[in-house]
Student: 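Shown below is the structure under consideration.
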Amino acid sequence: MTTENLHAAPAGGVGITVRELRKRLGVNQALDGLSLEFNAGIMHGLIGPEGAGKTTLLRTLLGLLRADSGELRYTDSGAQATLAQLRPGIAYLPQQQSLYPDLSIAEHLEFFRDLYGIPAELFARRRSELLSITRLEKFQDRPAGKLSGGMYKKLGLMCALLRSPRVMLLDEPTNGVDPISRREFWELLHGLADQRILIIVATAYMDEAERCAEVHLIESGRRVAEGEPLALLREAGVQAFDELFLKRAEAHEGSP
């Protein structure tokens with residue numbers, strides 16, 4: 001499986017810096033002084049349990065929510081940029097279902113072609129390549145509402161990739177799908193590694209952390225740790241990230 005011909009790699013890359021971000025949603029302090037660094041052109045894992053603040057952070061990065069305080073800095077090829085400048089190149093896959101259940105796979109691709117204004121010749125090439133790498137060629141006439149969980153997630157990814165995004169924000173993309181579909185979805189993401197796309201994958205599955213180039217562990221809206229996965233595990237003296245969170249919880253319970 002390869003995506004080397006999917007589209008030309010964009011020049012440079014987009015990076016995002018989060019500094020002391022705070023956001024309250026009702027009585028919940030969703031982000032509590034969160035600081036993270038998302039380096040350009042690689043896959044990042046935003047790892048944490050339910051309620052850690054992952055969705056709130058992604059929506060804030062995209063501008064769907066406004067932080068109460070703190071700073072977001074965006075760079076493009078090392079130069080300062082604004083969210084407004086970068087937004088056309090950002091793809092967002094929300095956690096909840098967002099496709100049209102009555103539209104088929106083929107109809108979804110046509111819809112997003114029109115939405116993005118993709119020329120016919122370019123669309124034909126991308127459509128063919130995306131259907132091939134997702135192995136959905138034989139299911140083009142199937143409505144989204146009748147797709148399996150894994151196929152539904154692949155369709156969402158295809159729609160996002162049609163316009164060659166430079167940033168992808170994925171909110172728990174493998175939640176609720178079977179193990180085989182989870183593996184295939186991650187294979188698709190890794191196939192994009194040479195495209196210099198900044199990919200941020202939010203997940204509560206601790207085993208998915210090791211699939212990322214860098215991970216950012218958060219809990220209760222605060223940073224626990226960030227860095228290269230294996231280095232973090234060695235530093236904490238554990239074999240897996242669920243052990244790291246458990247060790248942290250036990251330490252807090254034992255503190256006065």
Side-chain angles (χ1 to χ4, degrees), residues 2-19 21 36-46 54-67 71-95 98-99 108-131 133-134 153-173 185-186 188-203 212-214 216:
T2 179
T3 58
E4 61 184 1
N5 296 319
L6 187 57
H7 49 71
V14 175
I16 304 175
T17 299
V18 177
R19 286 288 176 265
L21 216 60
L36 299 172
E37 190 78 31
F38 297 107
N39 295 312
I42 62 174
M43 189 186 305
H44 296 258
L46 186 61
K54 303 185 297 297
T55 296
T56 301
L57 176 59
L58 292 185
R59 291 178 177 174
T60 304
L61 295 181
L62 189 59
L64 297 177
L65 293 175
R66 178 175 295 181
E71 181 183 10
L72 286 175
R73 294 203 299 267
Y74 302 84
T75 59
D76 186 355
S77 300
Q80 185 173 344
T82 67
L83 177 58
Q85 291 170 331
L86 298 174
R87 186 177 282 114
I90 300 177
Y92 174 52
L93 273 65
Q95 184 176 356
S98 57
L99 301 176
H108 270 95
L109 296 178
E110 294 284 347
F111 172 80
F112 282 97
R113 177 200 66 180
D114 294 338
L115 181 65
Y116 298 150
I118 301 173
E121 182 177 346
L122 180 58
F123 170 73
R125 184 171 71 250
R126 288 183 184 162
R127 179 183 186 279
S128 176
E129 292 169 346
L130 287 167
L131 286 169
I133 65 172
T134 55
K153 300 290 187 177
K154 289 180 182 179
L155 174 57
L157 186 63
M158 278 201 300
C159 294
L161 288 172
L162 270 178
R163 62 171 175 175
S164 302
R166 304 183 66 203
V167 179
M168 296 190 70
L169 307 178
L170 313 180
D171 193 358
E172 308 229 15
F185 194 91
W186 277 95
L188 289 175
L189 293 183
H190 280 288
L192 302 171
D194 62 346
Q195 303 298 329
R196 293 290 295 166
I197 301 174
L198 171 61
I199 302 175
I200 303 177
V201 184
T203 179
C212 302
E214 293 185 7
H216 312 266

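In what follows, residues are counted from 1 in the order of the sequence shown.
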Student: Can you sort out the partners of Arg113 under salt bridge (Lys or Arg N to Asp or Glu O under 4.0 Å), two or more places apart, ordered by chain and number?
Tutor: Glu110

Student: Taking the side chain as every heavy atom from C-beta outward, state whether Leu169 and Leu62 have any atom pair closer than 4.5 Å.
Tutor: yes

Student: What is the distance from atom CG of Leu115 to atom SG of Cys159, rounded to the nearest 0.5 Å?
Tutor: 10.0 Å

Student: Who are the side-chain hydrogen bond (donor to acceptor under 3.5 Å, both in side chains) partners of Thr56, not counting sequence neighbours?
Tutor: none

Student: Give, for atom CG of Leu99 and atom CG of Leu155, the distance between the pair rounded to the nearest 0.5 Å.
Tutor: 5.0 Å

Student: Would you check if Met158 and Leu131 make a side-chain contact, meaning some heavy-atom pair closer than 4.5 Å?
Tutor: yes

Student: Nearest 0.5 Å, what's the CD1-NE2 distance between Ile199 and His190?
Tutor: 9.0 Å

Student: Does Arg59 reach the main-chain N or O of Leu64 with its side chain, forming a donor-acceptor pair under 3.5 Å?
Tutor: no

Student: Ala40: which residues meet the side chain to side chain contact (heavy atoms under 4.5 Å, CB included) condition with it, sequence neighbours left out?
Tutor: Arg196

Student: Evaluate His216 against Ile200 for side chain to side chain contact (heavy atoms under 4.5 Å, CB included), listing each step before the verdict.
Tutor: CA-CA 10 Å; His216 312 266; Ile200 303 177; over 6 Å; no

Student: Looking at side-chain heavy atoms only, is the closest gap between Arg126 and Leu109 below 4.5 Å?
Tutor: no

Student: Applying salt bridge (Lys or Arg N to Asp or Glu O under 4.0 Å), name anything that partners Lys54, two or more places apart in sequence or on another chain.
Tutor: Glu172

Student: With sequence neighbours excluded, tell me which residues meet ring pair (Phe, Tyr, Trp, His ring centres under 6.0 Å) with Phe112.
Tutor: Tyr116

Student: Identify, with sequence neighbours excluded, every residue that meets side-chain hydrogen bond (donor to acceptor under 3.5 Å, both in side chains) alongside Arg127.
Tutor: Gln140

Student: Drop me the distance from Leu170's CG to Leu46's CG, to the nearest 0.5 angstrom.
Tutor: 11.0 Å

Student: Check side chain to side chain contact (heavy atoms under 4.5 Å, CB included) between Lys153 and all other residues, then give those that pass, not counting sequence neighbours.
Tutor: Val177, Phe185

Student: Tell me which pairs pass side-chain hydrogen bond (donor to acceptor under 3.5 Å, both in side chains) where either residue lies in residues 78-88, with sequence neighbours left out.
Tutor: Thr82-Gln85

Student: Can you give me the closest heavy-atom contact between Ala202 and Leu58, atom names plus distance?
Tutor: CB-CD1, 3.8 Å

Student: Of all heavy-atom pairs between Leu93 and Ala160, which one has the smallest distance, and what is that distance?
Tutor: CD1-CB, 3.5 Å

Student: Can you name the residues that form a side-chain hydrogen bond (donor to acceptor under 3.5 Å, both in side chains) with His108, not counting sequence neighbours?
Tutor: none

Student: Treating His44 as the side-chain partner and Asn39 as the backbone partner, does any N or O pair qualify as donor plus acceptor under 3.5 Å?
Tutor: yes

Student: With rounding to the nearest 0.5 angstrom, report the NZ to CG distance, Lys154 to Leu188.
Tutor: 6.0 Å

Student: Does Leu72 have any side chain to side chain contact (heavy atoms under 4.5 Å, CB included) partners at least two apart in sequence or in another chain, and if so, which?
Tutor: Val18, Leu21, Thr60, Leu61, Tyr74

Student: Can you confirm whether Leu86 sits close enough to Val167 that some side-chain heavy atom of one is under 4.5 Å from a side-chain heavy atom of the other?
Tutor: no

Student: Under a 4.5 Å cut-off applied to non-hydrogen side-chain atoms, are Val14 and Phe38 in contact?
Tutor: no

Student: Can you list the residues that meet the salt bridge (Lys or Arg N to Asp or Glu O under 4.0 Å) rule with Glu214, with sequence neighbours excluded?
Tutor: none

Student: Apply side chain to side chain contact (heavy atoms under 4.5 Å, CB included) to Thr17 and list each qualifying residue two or more places apart in sequence or on a separate chain.
Tutor: Arg19, Glu37, Arg73

Student: Please round to the nearest 0.5 Å and tell me the distance separating atom OG of Ser164 and atom CD1 of Ile118.
Tutor: 7.5 Å

Student: Is any side-chain heavy atom of Leu36 closer than 4.5 Å to a side-chain heavy atom of Leu57?
Tutor: yes

